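So that the names make sense, note that chain A is the first sequence line, chain B the second, and so on, each numbered from 1. Worth saying up front: this structure is predicted, and the values here are computed from it rather than measured.
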2 protein chains.
Amino acid sequence: MLSPLFNFISNIKPISNELKELLAQKLEIIEVPKKTLLLREGQTCNHIHVVVSGLLRMYYMKDGEEVCSRFIDESLMAISVKSFYSRQPGDEYIETLEPCILARIHKDELELIYKEHDEFNYIARVITEQYFIRSEERQYLLRKQSAEERYLYFMDNYPHLLQRVPLTYIASYIGLTLETLSRIRKKIATK
Amino acid sequence: MLSPLFNFISNIKPISNELKELLAQKLEIIEVPKKTLLLREGQTCNHIHVVVSGLLRMYYMKDGEEVCSRFIDESLMAISVKSFYSRQPGDEYIETLEPCILARIHKDELELIYKEHDEFNYIARVITEQYFIRSEERQYLLRKQSAEERYLYFMDNYPHLLQRVPLTYIASYIGLTLETLSRIRKKIATK
DNA sequence: CGTTAGTTTGAGAGGACTCAAAGTCTGTGG
DNA sequence: CCACAGACTTTGAGTCCTCTCAAACTAACG
């Protein structure tokens, strides 16, 4: 179950068997049905959830509407960034869009591993850098000024999500109303 | 010159004198006049620049226009994120907006330190997390849908930059034209 | 086959944009 | 110390894109 994750880690830097066993022991596998909230506004995000299978959506409320901030599919990790790192309550929700199998670990366990296994700091640094890059790319998308550009960018970069995510959420993710997105899709289709 | 930086690092986790000396040795202090380009499109970002004094702007070109992606002032670090981590040429520019004193270190030196000093990975991870949080907050700003909201958010969160950065760049940073920003400022002033 | 979630289409309003011009500030040289 | 040049900001007029609200259509699921 965890072998893709361990492969991913080993590709960054090979780790000792001891550390591997420790991780396997601390990572809890959970099965969660569709439409389940893993985190809600006002809570502190204390876990990293790694998606073994399924799809997650993160969002926050803005003037009574859900604003979609991120999708997390297989082998990606979900945290509410600010809440997790600052240990303060956040304003994000994490929800399953599909039935999911997740591997999760508590921040406290993670901190212990950081302290006891220096090698893991190297891994964590690189992973954090990778997610930082994603976050920057996301900004780039949001700054594409026209609605059409943003959707084309989404199509290019997340084609696999197009099939799995309802349009409402994609619209929200790229900062459009559902109606506008629908019109853009029509326009693109006729080309 | 570097003591604020070392204080900052020690606050994350105290480091050995050996590491401190190594860093001091590898960090090069440079003095750069206003309006100097530290990085341009097509180049690979190989250095981290820490601002000792002064102010930097990062931007990229989009349809022949400069789009401002970030400001970096005292004690903050500048890299073109994707280019730096991937070692690929990027599309960002880094420019001094004021005369600057900078401390810089080459990525190769940094990698050596990562490999030889595991403790430094801990520091780097935490710093990366902090910048990751900023990046997420930036996204949050960009998703504020109205022009006025975005400007108010900027005022709240970067009041010190309001004095130092020309409006053109602020407008670009929050995704507006200069004219629109000017009108918003007028509107806000009359309240 | 009915119910609900998801998507498309329509009409009208409004905010931000573009292009253009005028005004204001700042610093340098006479 | 003034005057002028260049950088920066404000104002104006007109247009267009995206939004809102409303309703119809379609697909998925029990």
Check [Y] with [X], please: is the shortest side-chain N to carboxylate O separation under 4.0 Å?
X        : Y        : answer
B:Glu149 : A:Lys62  : yes
A:Glu137 : B:Lys82  : yes
A:Lys107 : A:Glu111 : yes
A:Arg104 : A:Glu109 : no

- [ ] Could you tell me the separation between the CZ atom of A:Arg185 and the P atom of D:dC25, rounded to a whole number of Å?
- [x] 20 Å
Open item on the list: Base of D:dG12, side chain of B:Arg183 - is there a donor-acceptor contact under 3.5 Å?
Closed with: yes
Look at the side-chain N and O atoms of [X] and state whether any lies under 4.0 Å from the OP1 or OP2 oxygen of [N].
X        : N      : answer
B:Thr180 : C:dC17 : yes
B:Thr168 : D:dC8  : no
A:Lys186 : C:dT8  : no
A:Ser182 : C:dT7  : no

Open item on the list: Pick the closest DNA chain C nucleotide for B:Glu179 and for B:Ile184 by heavy atoms, then say which residue is nearer the 5' end.
Closed with: B:Ile184
Open item on the list: Within the 4.0 Å heavy-atom criterion, would you say A:Leu181 contacts the bases, only the backbone, or no part of the nucleic acid?
Closed with: nothing
